[in-house]
> 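This structure is in structure tokens; I'll ask about it shortly.
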Protein chains: 2
Amino acid sequence: MTVTIKDVAKKAGVSASTVSRVIAEHPRISAETSRKVKAIMEELGYHPNLMAKSLVSRTTRTIAVILPKPAEELLLNFFFYELIRGVLAQLTRAGYDLLMAGGSNEQEELETVTRLVRGGRIDGLLLLYSRSSDPIITFLRKEKFPFALIGRSLDYEDVPSVDNDNVQAAYDATKHLIAQGQKRIGFVSGPTKLAMTQDRMNGYYKAMAEAGLPFKQSWVVEGEFLLESGYRAMASIMTQPEPPTALIVIDDVVAFGVLKGLAELGYRIPQDVAIVSFNNIALSELTMPPISSVDVGTYQLGYTASQMVLRMIQQEEITARQIIPHRLVVRESSLRTVSLA
Amino acid sequence: MTVTIKDVAKKAGVSASTVSRVIAEHPRISAETSRKVKAIMEELGYHPNLMAKSLVSRTTRTIAVILPKPAEELLLNFFFYELIRGVLAQLTRAGYDLLMAGGSNEQEELETVTRLVRGGRIDGLLLLYSRSSDPIITFLRKEKFPFALIGRSLDYEDVPSVDNDNVQAAYDATKHLIAQGQKRIGFVSGPTKLAMTQDRMNGYYKAMAEAGLPFKQSWVVEGEFLLESGYRAMASIMTQPEPPTALIVIDDVVAFGVLKGLAELGYRIPQDVAIVSFNNIALSELTMPPISSVDVGTYQLGYTASQMVLRMIQQEEITARQIIPHRLVVRESSLRTVSLA
DNA sequence: ATAATCTGTGCAAACGATTTACTTTTCTCG
DNA sequence: CGAGAAAAGTAAATCGTTTGCACAGATTAT
């Protein structure tokens, strides 16, 4: 049925080993034989069976990405495509394939990982998130299996991971507002159990403290990565006697809610309230007004994390924690003086 | 190193075949042996080598999704995550894995597909888009390889595919505006080479004709799936002597641009101009005002398309063209009389 | 009682490559 | 010219499973 290496060998009048070596560009093959065999391969439309190859080489040229279960996916919704493109770009370059897997709960996820790793189906793994005391990470470390984490592990310092400097990013964002003359700056935050949230909060605190600006606890609101979260936060933050005149928002989607909430309360942006948020998803520039946002380099995160895994597979030394530079993209929402069309 | 079926066999005092049969739940294995072997497997942490399994069974329990190259991805940006979740849900249920592949150009894409198919790495394939006279589709048909298309092929009627009834969807959207008392209805369209665009235009024409409403060619503008496209369309549509009082927009992202353009021209929504768009991405309800949009069932598209491929793999009969129901989600942007908060 | 069927298991041959260890052929050069 | 080295290629083992066939012992039918 399908054409095998033996078919090629027979037709070319050589042994299977020779064909194999032609494919591998083994030096001990004469130019003539190589040419001849290649011609036959072409003619027969031969493609090596990847399973057989993997079986003997104990290598699959495949790495897997584990998708978070639904409950933890919120943030990913808008990142995902960019991230995967970055991952795929790197893997394709290196001749690797990408396997995507997940599970509907923690237990299933771990089972999937076990099956893939122990079953020899993949050479490396990429985790898109970290939860504290993650059994998957524990398992992978025990197996000494090549993997990298996008984000930061709360449990171990030395987990190979690619992340942003979220402290600095929030610091920069806050500084930007301060440079615009803002003094009363609030923070619409996310779930504090996430390293990302904690880091951004700290950057904000740091900038405020450095500038000697007072801040009230009532200007800071925890929430989730949901539109509603930002919307509701406005009701509590902006209705107090002395509300902030500027807000740092943990994520663009949350910022959309903030925009909505502010509009309903009659605040103009940026004249009454200036806004800076994070992640710079494609829609940040489409709102009215466009939102200033810290670009975290989503594509780069995927690209670099994959590269890290590939390096580990090649037994190369890696730096356990790699930082992707961020970049504050300033748009109308944070500018003190703007000329509106 | 890794524990194989032989290790299990030896420790259990049986042959490798017996262990294999225990795993396969072969009927001719005694309950006692089965219990014993399973215990040993557990103890040793045995997981079958998937490559060896695939080699002999000529089956991989993997299907691939081919990612469009960057130039054609625009639309996918917001769909992608939902779509993949649908795909993954179906595949996980059936015990299949998902491989993701792509290429930076058409040639590379075809090579990837050839390598995967001929190399026996996958059992089925999912295409997320259709271009006319797609060499990949040609190849897959020739190989009689199980695959399904999300969308509609412009070349062949009988390509297994999962799609919306876009004609009906646009018809419904237009009817809704008409029911709101709208008479001057325009259409902000997409690239006409796409089946999706053509279908939606036709639905719009049909509803207009049926209602006996006049329409001007100047109320219809072609564009792309970009924010700018909708923004620019406003400058041409809304500045003419008798502009439409309602607009059908090909896609939510384009609608965001429309919103922006209308705001700059001083139109209020929906009082001055009503809007309905398509795809109902997560952000449609976050705009000011929230946009009425036709939900196309993105998750379902992925879920059903995967199911179709799985059926083909099982040699089951399938209906070549499956339609996912759409649903018009009415929000403020299209309501004639609204009480704004 | 004996033949026929059933049960439970083992042996060995695939599956389609790679790779080690040889064998044969061709050079090179004293 | 012939020995030894280098070059080119082959045969066979191997990777970890599955599975058709054989076979022994237990069970059932005649």
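Below, all heavy atoms of this structure are taken into account, side chains as well, without hydrogens, waters or symmetry copies. Labels below follow one simple rule: chain letters A, B, ... track the order of the sequence lines, proteins then strands, and each chain is numbered from 1. In this text, all values refer to a predicted model and were calculated from it rather than measured experimentally.
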> Which of the following nucleotides, D:dT10, C:dC15, D:dC15, is nearest to the side chain of A:L55?
D:dC15
> Determine, stepwise, if the pair B:L98 / B:T62 fulfils side chain to side chain contact (heavy atoms under 4.5 Å, CB included).
CA-CA 6 Å; B:L98 172 63; B:T62 302; over 6 Å; no
> Nearest-Å distance, CD1 (B:I29) to P (D:dT18)?
12 Å
> Please state how far atom CE in A:M51 lies from atom P in C:dT18, giving the value in whole angstrom units.
14 Å
> Determine, for B:Y299 and B:R85, whether the Lys NZ or Arg CZ falls below 6.0 Å from the six-membered ring centre while staying within 45 degrees of the axis.
no
> Identify whether any heavy atom of B:T33 sits under 4.0 Å from a base atom; if not, whether one sits that close to sugar-phosphate; answer base, sugar-phosphate or nothing.
sugar-phosphate
> So what does B:T18 hit on the nucleic acid, given a heavy-atom distance under 4.0 Å: a base, only sugar-phosphate, or nothing?
sugar-phosphate
> For B:T4, which contact category applies under a 4.0 Å heavy-atom criterion: base, sugar-phosphate, or nothing?
sugar-phosphate
> Please figure out whether B:S30 or B:S57 has its closest DNA chain C nucleotide nearer the 5' end.
B:S30
> With DNA chain C as reference, determine whether B:R21 or A:S17 sits nearer its 5' end, using the nearest nucleotide of each.
B:R21
> Could you tell me how far apart A:K53 (NZ) and C:dC15 (P) are, to the nearest whole angstrom?
20 Å
> Can you check the A:E32 CD to C:dT26 P distance for me, whole Å?
13 Å
> Under the 3.5 angstrom rule, does the side chain of A:R61 hit a backbone N or O of A:A94 as a donor-acceptor pair?
yes
> On the 0 to 90° scale, with breaks at 30° and 60°, tag the B:F80-A:F80 ring pair as parallel, tilted or perpendicular.
parallel
> In whole Å, I'd like the distance from the CG atom of A:N49 to the C1' atom of C:dG16.
6 Å
> Quick one: does any side-chain atom of B:T18 pair with a main-chain N or O of B:V14 as donor and acceptor, under 3.5 Å?
no
> Rounded to whole angstrom units, what separation is found between the NZ atom of A:K10 and the P atom of D:dG9?
20 Å
> Rounded to the Å, how far apart are A:R61 CZ and C:dA17 P?
17 Å
> Using whole Å, report how far CG of B:L50 lies from P of D:dC15.
18 Å
